[in-house]
Amino acid sequence: MSELVVDDLVAGYGDARVLHGVRFTVKQGEVCAILGPNGAGKTTLLRALSGMVRTRGTVTLGGTELSGRSPDTIARLGVAHVPEGRGTFMPLTVEDNLRLGAFVRRGRAEVDSDLDRIYTYFPVLKTRLKQAAGSLSGGEQQMLAIGRALMLRPRLLLLDEPSLGLAPLVTRELFRIVQAINAEEQTTVVVVEQNAHLALGIAQQAHVLETGRIVLSGTAEEIRADEQVAQSYLGYRV
Amino acid sequence: MSGPTKVDDTTAAPAPARKRRSGTIPARWRWIALALLLAAAVYAPFQLVPFHVFQLTMVLVYAVALLGLNLLVGHAGQISLGHGAFFAIGAYTSAVLVDRLDVPYLLTLPLAAAVAFLVGFGLGVPAMRLRGLYLALVTLAIAIFLVPLLKRFEELTGGSMGLTLPKPVPPAWSGLAEDQWLYFLALGVAVLAFLVAASLLRSRVGRALHAVRDNEIAAEVMGVRLSSYKTLAFAWSAMFAGVAGCVYTWVIGFVSPDSFTVNLSITLLAGLVVGGLGSLSGPVLGGLFVMFVPSISQDINDAAPGVIFGLLIILVMYVAPQGLAGLAGRLIKKIPRKE
Ligand SMILES: Nc1ncnc2c1ncn2[C@@H]1O[C@H](COP(=O)(O)OP(=O)(O)OP(=O)(O)O)[C@@H](O)[C@H]1O
Ligand SMILES: [Mg+2]
């Protein structure tokens, strides 16, 4: 039984269609990587899943229909979206950023204990709690963005290019943590990533999106072994 | 399964130079300063001549209106060029209730607040779907429409002649003169308004407003319903403006359409920006600005007070881009402190 089912998903901006019938599924607790060139519609796909753009087709999470619902309803149903460019609330403190992640939740004590859980993944955040989030480094902001998303206690975590603008070492660290989160919390993850190598390293399934269509699907190993993918996204020939 | 992986602080990121906790005044000092300010505010009307007491009363009235405008502009990141209209709605609600229905004036305060809130909510629903210049234009239109509207419903509003009202009589137990009584009414309302605004901003709602201001997309995926929070911010800020307008009516004892032209709306917004957006002291400084700078400009150059007023705004924004509140904050940080 698949946790996330995306069927015949069409989405776009105004009259411009970007996704033309995307179809894939993700099993509960798995990591799914979406690869593809610039402008393929990867960001749009994540936005469609979290209700930020108008869609046709169906999206269900754990059997619950998501398509056609508003972003705040989808957040309440357990979808946390780390947007492209991190979406840091710059002037607010790190702590306020994290607490905003739990905006749709009630129960202060639970939220407080979840904050502590976030610090075990990202100890650096704990040392910066009262600092304006805009003064964090790029890597720290990305950690904050992921930590903030976890504050929702998501069933489904959507990550849009977490490696953007980060040093390779930091990126590797970040993916290691995402993998640990996935293992610990059994959170289903959809990750869009330019760094195909790292993404395939933590994913079970992967799909290649080109001009709004999925042109290749398979297990991470299959995708890694594909000659076309290797040339376009991994930078070497098989 | 492994436990949560820790990020090694040294490899995680090029850590920025650790700053001293970004410069807020310690809470204790803030309370002391606030208490002193309040003591001075209570003491002042017994030391000043009635005209100066009246001027301070008007500063408080404008401060309440700016406090509301600050919720919308400084905290929720939206703009309104029409807040004079909600000020007028509060003023007229109070005036009409007292004049036509003989409602005791103190009772008109909650009613004026409610009417301004409801009108703000009604106008906010469509207006808050717009942004930037479009929102500025639509709110400006609200202010422009109001004057002819007030003139039109003459039986209720007194038309262009306006309404003249009896001034509130200070109760005998207070032993206060009229100007002092009005001052304390305004002070009481202002303190209440500040407490309401401060607790609103500290709550989950305040955090949501800041999120909307700082990053709409991120706020939305976090589950903040943008249209609801923007509309609520608009309604609340209209409510504060309405409350200020109500106290204005008590103090001035006269309302007419020409007291609430577009000019008032623009002066309010200018006062807020000059006072300092997004801070709690900004509205008080802005209130001083709105009250005194137009008359100071008049003194400097009788022929073109508008020019002087405009130049003063430009000057303040040049010297203190964060407004007067920001300037004060910068000066306080310059004072050397023991670590
Ligand atoms: N807000 C928008 N309004 C209109 N068109 C948009 C908007 N955002 C994206 N598009 C268009 O949608 C298409 C897909 O964009 P999208 O951001 O989804 O690509 P992407 O795969 O995430 O690319 P990248 O790898 O560069 O981030 C592009 O042609 C882009 O021009
Ligand atoms: Mg993208």
Side-chain angles (χ1 to χ4, degrees), chain A residues 47 50-52 70-76 79-83 85-92 96-97 99-105 117 120-124 127 130-132 135-140 142-143 145 148-149 151-152 158 166-167 169-170 173-174 176-177 179-181 183-184, chain B residues 1-24 26-27 74-77 129 201-232 276-279 322 326 329:
Chain A
R47 286 187 184 149
S50 61
M52 309 274 294
S70 63
D72 62 291
T73 310
I74 292 178
R76 265 168 244 277
V79 178
H81 184 161
V82 178
R86 305 167 196 134
T88 312
F89 302 118
M90 301 283 184
L92 303 191
D96 277 347
N97 268 267
R99 287 194 183 277
L100 268 162
F103 183 76
V104 298
R105 292 177 47 197
R117 203 165 48 97
T120 61
Y121 291 117
F122 304 111
V124 60
T127 66
K130 300 293 171 201
Q131 197 170 314
S135 68
L136 297 182
S137 75
E140 288 165 340
Q142 191 59 258
M143 294 177 198
R148 190 177 64 183
M151 289 300 292
L152 186 75
L158 307 175
L166 304 188
L169 204 61
V170 182
E173 195 62 44
L174 206 63
R176 207 158 60 74
I177 299 172
Q179 193 169 28
I181 288 167
E184 276 293 296
Chain B
M1 251 174 257
S2 68
T5 322
K6 294 205 194 289
V7 180
D8 184 351
D9 210 348
T10 51
T11 59
R18 266 159 235 231
K19 285 186 249 157
R20 200 164 72 189
R21 235 198 80 187
S22 49
T24 45
H75 294 281
R129 295 181 184 277
L201 288 173
R202 257 202 313 274
S203 71
R204 178 169 168 277
V205 171
R207 259 207 296 274
L209 291 184
H210 289 153
V212 170
R213 173 194 66 190
D214 295 336
N215 196 321
E216 283 197 1
I217 289 180
E220 200 171 17
V221 292
M222 232 129 277
V224 179
R225 195 181 307 199
L226 297 183
S227 55
S228 318
Y229 278 89
K230 287 185 190 174
T231 304
L232 273 181
L277 283 173
S279 76
Q322 307 286 315

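The sequence lines fix the lettering, A, B, ..., with proteins before strands; numbering per chain opens at 1.
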* Going by heavy atoms in the side chains, are A/P91 and B/R213 under 4.5 Å from each other? -> yes
* Output the option from A/Q142, A/Q179, A/M52 having the highest count of non-hydrogen pairs under 4.5 Å with chain B. => A/M52
* Quick one: are A/M90 and B/D214 in side-chain contact, heavy atoms under 4.5 Å? -> no
* Examine whether an atom of A/R86 lies under 4.5 Å from a heavy atom of chain B, and if so say whether it belongs to the side chain, the backbone or both; otherwise answer neither. => neither
* Structure fact -> Between B/A211 and A/L100, the two heavy atoms sitting closest are CB-CD1, 3.7 Å
* Asked: Is there a side-chain contact between B/M222 and A/M151, using heavy atoms and a 4.5 Å cut-off?
  -> no
* Do you know the tightest heavy-atom contact between A/G87 and B/A218? -> O-CB, 3.3 Å
* Asked: Given a strict heavy-atom distance threshold of 4.5 Å, which part of A/S50 is in contact with chain B: side chain, backbone, both, or neither?
  -> side chain
* A/R47 side, atom CZ; B/I217 side, atom CD1 - distance, nearest 0.5 Å -> 5.0 Å
* Side chain of B/R204, backbone of A/F103: donor and acceptor closer than 3.5 Å? -> yes
